[in-house]
Amino acid sequence: MDKLANVEVFRIQALAIAGSLALIVFILELIRRKRLKEEFALLWLGMGLVFLVISLFRGLLDKFSVLVGIGYPPAALFLILIVGLMFILIHFSVAISELKEENKKLAQRLGLLRRDIEGE
C-alpha cells in the first residue's frame with residue numbers, strides 16, 4: 001500500500017511541475033506575441049516560479065505550513081495562491097486607476113480643443 005501512495009504523490013508532483021512549466025511557457029509566449037506587457041507578466045511569472053519551486057521541492061510546502069501555523073499543507077498552498085492573486089489584483093487596480101485618470105485628462109483636453117475650434 002505504501003508504494004501506491006508514493007506513486008500517487010509522484011504523479012501529483014509531476015503534474016504540478018508540468019502545470020507550473022506550462023503556465024510559465026504560456027506567459028512567455030503571450031509576451032513574445034505582444035499580447036501581454038512585461039510589467040503585467042512579472043507577477044504571473046513570479047507566481048509560476050513559486051509554484052514550480054514548491055512542486056520541485058515538496059518539503060518546502062510542509063515547512064511553510066508549519067511556519068505559518070497551518071496543519072494541512074495543501075491549505076497553505078491555497079494561502080499562497082490567494083496572496084499571489086491579491087497582489088495581481090492590486091497591481092491591476094493601480095493600473096486601471098492610472099488609466100482612468102489619464103482617460104479623464106484626455107477627455108478634458110479634447111473638450112478644450114473642441115471648444116477652441118468651434119469658438120473660432
Side-chain angles (χ1 to χ4, degrees):
M1 184 69 176
D2 190 53
K3 282 186 175 184
L4 288 177
N6 287 336
V7 169
E8 292 301 316
V9 168
F10 175 75
R11 185 177 298 158
I12 291 169
Q13 183 179 15
L15 286 171
I17 292 169
S20 299
L21 287 173
L23 174 65
I24 292 169
V25 168
F26 179 67
I27 296 300
L28 291 174
E29 183 63 20
L30 288 174
I31 294 169
R32 188 184 72 78
R33 291 183 181 188
K34 305 274 190 228
R35 301 210 45 196
L36 182 64
K37 290 211 167 261
E38 293 85 359
E39 65 180 294
F40 298 119
L42 288 176
L43 287 171
W44 287 112
L45 286 173
M47 287 293 293
L49 289 174
V50 165
F51 280 105
L52 180 62
V53 168
I54 289 172
S55 300
L56 289 171
F57 306 104
R58 291 187 344 215
L60 284 178
L61 186 60
D62 295 331
K63 290 178 182 176
F64 176 76
S65 63
V66 168
L67 180 69
V68 295
I70 298 174
Y72 184 58
L77 189 61
F78 282 111
L79 175 65
I80 293 169
L81 176 66
I82 289 169
V83 168
L85 289 176
M86 290 298 293
F87 278 122
I88 291 170
L89 289 172
I90 290 169
H91 180 72
F92 285 149
S93 295
V94 169
I96 289 170
S97 297
E98 289 172 357
L99 288 172
K100 184 177 178 182
E101 187 63 30
E102 187 177 324
N103 193 27
K104 182 175 109 178
K105 288 178 183 178
L106 287 172
Q108 290 171 345
R109 286 184 192 158
L110 179 62
L112 290 172
L113 286 172
R114 281 186 178 166
R115 186 193 67 185
D116 290 345
I117 290 172
E118 291 171 1
E120 291 180 10

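As the structure is a computational prediction, the values presented were derived from the model and not from experiment. Below, all heavy atoms of this structure are taken into account, side chains as well, without hydrogens, waters or symmetry copies.
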Give every residue pair that meets the ring-ring contact (aromatic ring centres under 6.0 Å, His included) criterion with at least one member in residues 50-69, sequence neighbours excluded. none
Can Ile17 be reached from Phe10 by stepping across I, L, V, M, F, W or Y side chains whose heavy atoms are under 4.5 Å apart? no
Side chains of residues 72-95: which donor-acceptor pairs under 3.5 Å do they make with residues two or more places apart or in other chains?
residue	atom	partner	partner atom	Å
Ser93	OG	Leu89	O	2.9

In terms of hydrophobic clustering (I, L, V, M, F, W, Y; side-chain heavy atoms under 4.5 Å; direct or indirect links), are Ile12 and Leu60 co-clustered? no
Within this structure, what is the CG-CG distance for the pair Leu49 and Leu56, rounded to the nearest 0.5 Å? 10.5 Å
Let me check something: any side-chain donor-acceptor pairs from residues 22-30 under 3.5 Å, sequence neighbours excluded? List them with distances.
residue	atom	partner	partner atom	Å
Glu29	OE1	Arg32	NE	3.1
Glu29	OE2	Arg32	NE	3.4
Glu29	OE2	Arg32	NH2	2.6
Glu29	OE2	Arg33	NE	2.8
Glu29	OE2	Arg33	NH2	3.4

Not counting sequence neighbours, which residues clear side chain to side chain contact (heavy atoms under 4.5 Å, CB included) with Lys104? List them please. Glu101, Gln108
For the atom pair CE (Met47) and CG (Leu45), what is the distance rounded to the nearest 0.5 Å? 11.5 Å
Grouping I, L, V, M, F, W and Y whenever their side-chain heavy atoms are under 4.5 Å apart, do Val66 and Ile54 come out in a common cluster? no
Is any side-chain heavy atom of Glu38 closer than 4.5 Å to one of Leu42? no
With respect to Lys37, which candidate in Glu39, Lys34, Arg35 satisfies the side chain to side chain contact (heavy atoms under 4.5 Å, CB included) definition? Glu39
Partner residues of Lys63 under the side chain to side chain contact (heavy atoms under 4.5 Å, CB included) criterion, sequence neighbours left out: none
Suppose we screen for side chain to side chain donor-acceptor pair (under 3.5 Å). Which residues come up paired with Arg109, at least two apart in sequence or across chains? none
Once rounded to the nearest 0.5 Å, what's the spacing between atom CD of Gln13 and atom CG of Leu15? 10.5 Å
